[in-house]
Amino acid sequence: MNATPFDRLDSARRSLDRGRPDWSLALLVGTFPVPIQGEALLLRAEALRAQGFFRRAIAAYRDALARLDVSDRDLAAQACLGLTRCHRSLGEVISAKKALQRAARHGARLGGEFQETVALENALVDRAAGAYPAALKAMSALLASCRRRRDHAGVGYLLWAMGGARRFAGDLINSHRDFRNSYISFRKASDREGQVYALFGLGGIARIRGRFKEARRSYAVAGHLLGRGPDLFGRAYAHCGLANVLRQLGRWSEAERHYQASYALYARLDDRVDLAYVDWGLGQVHLKRGELDGALRRFAAARNAFSRFGEARGEALSLQALSQVKHALGQTAEAEKLFDAAVKRSRDAGLHAHLEIFT
């Protein structure tokens, strides 16, 4: 007997809750009656976002908002929160703020849990905008609330977010502590996805502190937890992170293979900023091998993409890398200008990328 559209919608919701957004998407193919079209599109958007298809998810969230009944304010608020998260993940801070304001309007009459979610998203948007002190202050209050409730998953998420803010603000020791405690909290909560992303944070902070053994182990364990699962963004991130460590260890051929695997996944997701980070990493491999033309091409491509999307840290890193290549090519005056621009871009954004020697 064929499943009804209502059965498919219910099964899609359960699949998403079980961490199988790919199954959920398969169940959402086809038409749905008008009364549940908006909810079906919302579930589709959530399933796309869970795999890292942020741009496709944005389109689906917008379609959902257009189809939802005006009385479905809770679903509309959920859709706007999804839009906020997608735009934030893509570094589109202004769009994220607008979506969050819309979510707050739709959810004005919802309870304290929703208001706390809005406060968290506001802090995360501040973090994405580089307003680290404001973000950390807000997240510290939310962390205290989660600890009082013994919400281990909530504690893990907040510590992960705070670890990232501290890292980019230059507080490396406390960032390392937050990521370690985030992983511990996610393990207490038996939250597999949370553990993966805490390990990504731990791998990143360990690497830039020169602790390559810990970094390599963190990325490897995260990759093992992800396996061949549906989180394409996570799998791409794991490959890129591991490639960065292998590059630092001088294992350039292995690093190159992982960068290429990462590139293929990010390309499927149309994640142009992270593709630029892979370009930057491949440029570093070329540079270490003395392949200056290849390095120049990769760094220039990375710089162009970072500039287009306003990714300050990436711009600073690619400008600095280009200055090194130009100097090696004997173009010292241009190299000095690029180096000065790298330091200025980093400082103007409140970053310390120009000081990182183990990036």
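Note that this is a predicted model, so its numbers are computed, not measured.
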If you count heavy atoms of other groups shown closer than 6.0 angstrom to CZ of Arg235, is the number above 12? yes
Keeping the roles fixed (side chain from Glu256, backbone from Leu282), state whether a donor-acceptor pair exists under 3.5 Å. no
Quick one about Gln284 and Arg247 (side-chain donor to acceptor, distance below 3.5 Å, no hydrogens or angles considered), yes or no? no
Under 6.0 Å between ring centres: does that hold for Trp160 and Tyr157? yes
Stepwise side-chain hydrogen bond (donor to acceptor under 3.5 Å, both in side chains) check, Arg149 with Ser145: CA-CA 7 Å; Arg149 296 196 304 269; Ser145 176; 2.8 Å; yes
Centroid-centroid distance, Tyr277 to Tyr266, less than 6.0 Å: no
Side-chain contact, heavy-atom cut-off 4.5 Å: Leu90 with Val273? no
Under 4.5 Å between side-chain heavy atoms, counting indirect links through other Ile/Leu/Val/Met/Phe/Trp/Tyr residues: same cluster for Leu172 and Phe200 or not? yes
Atom CD of Glu193 with >12 non-hydrogen neighbours under 6.0 angstrom: no
Would you say Pro5 and Gln37 make side-chain contact, with heavy atoms under 4.5 Å? no
Validation row: Arg345, Leu351 side chains within 4.5 angstrom (heavy atoms): no
hydrophobic_cluster_shared for Val285 and Ile208, side chain cutoff 4.5 Å: yes
Close side-chain approach of Arg56 and Leu269, heavy atoms under 4.5 Å: no
Walk me through it: do Asp10 and Arg14 pass the test salt bridge (Lys or Arg N to Asp or Glu O under 4.0 Å)? CA-CA 6 Å; Asp10 190 49; Arg14 289 200 303 271; 2.4 Å; yes
Is Thr84 close to Arg102 at the side-chain level, that is, under 4.5 Å between some pair of heavy atoms? no
Side chains of His286 and Arg298: do they bring a donor and an acceptor to under 3.5 Å? no
Quick one: does any side-chain atom of Ser185 pair with a main-chain N or O of Ala153 as donor and acceptor, under 3.5 Å? no
Basic-acidic side-chain contact under 4.0 Å: Glu334, Lys337: no
Looking at Asp178, is its backbone amide N or carbonyl O close enough to the side chain of Ser182 to form a donor-acceptor pair, meaning the two atoms are under 3.5 Å apart? no
Please confirm whether the backbone N or O of Ala316 pairs with a side-chain atom of Ser346, one donor and one acceptor, at under 3.5 Å? no
Look only at the side chain of Asp271 and the backbone of Asp274, and say whether a donor-acceptor pair between them is shorter than 3.5 Å. yes
Would you find more than 12 non-hydrogen atoms of other residues, nucleotides or ligands less than 6.0 Å from Arg268 atom CZ? no
Joint cluster assignment, Phe54 & Leu41, ILVMFWY side-chain distance < 4.5 Å: no
Against Glu39, only a single residue in Arg13, Arg8, Arg44 fulfils salt bridge (Lys or Arg N to Asp or Glu O under 4.0 Å); can you say which? Arg13
Can a donor-acceptor pair be found, under 3.5 Å and without considering hydrogens, that links the side chain of Ser140 to the backbone of Leu136? yes
Any side-chain heavy-atom pair from Leu296 and Leu329 closer than 4.5 angstrom? yes
Could you go through Leu338 and Phe299, starting from their C-alpha distance and side-chain angles, then the distance that decides it, and tell me whether this counts as side-chain contact (heavy atoms from CB on, under 4.5 Å)? CA-CA 12 Å; Leu338 288 164; Phe299 291 144; over 6 Å; no
Under 3.5 Å: donor-acceptor pair, side chain of Ser24, backbone of Pro21: no
Applying side-chain hydrogen bond (donor to acceptor under 3.5 Å, both in side chains), run through Asp279 and Tyr259 and close with a yes or a no. CA-CA 8 Å; Asp279 271 324; Tyr259 279 132; over 6 Å; no
Using the rule that two of Ile, Leu, Val, Met, Phe, Trp, Tyr join whenever any of their side-chain heavy atoms come within less than 4.5 Å, decide whether Leu25 and Leu9 are in one cluster. no
Decide side-chain contact (heavy atoms from CB on, under 4.5 Å) for Leu81 and Leu100; before the verdict, give the C-alpha distance in whole Å, the side-chain angles of both, and the deciding distance to 0.1 Å. CA-CA 6 Å; Leu81 283 175; Leu100 185 57; 4.0 Å; yes
Might you work through the side-chain contact (heavy atoms from CB on, under 4.5 Å) test for His176 and Arg211, ending with a clear yes or no? CA-CA 11 Å; His176 210 149; Arg211 301 183 179 187; 3.9 Å; yes
With heavy-atom distances below 4.5 Å as the criterion, would you say the side chains of Gln51 and Phe233 are in contact? no
Any Lys/Arg nitrogen of Arg55 or Glu92 sitting under 4.0 Å from an Asp/Glu carboxylate oxygen of the other? yes
Over 12 foreign heavy atoms within 6.0 Å of CG, Leu249: yes
Begin from the C-alpha positions of Arg49 and Glu46 and carry the test side-chain contact (heavy atoms from CB on, under 4.5 Å) through to its verdict. CA-CA 5 Å; Arg49 182 173 64 84; Glu46 295 279 85; 3.3 Å; yes
Decide yes or no for Phe179 and Leu159: does some side-chain heavy atom of the first lie under 4.5 Å from some side-chain heavy atom of the second? no
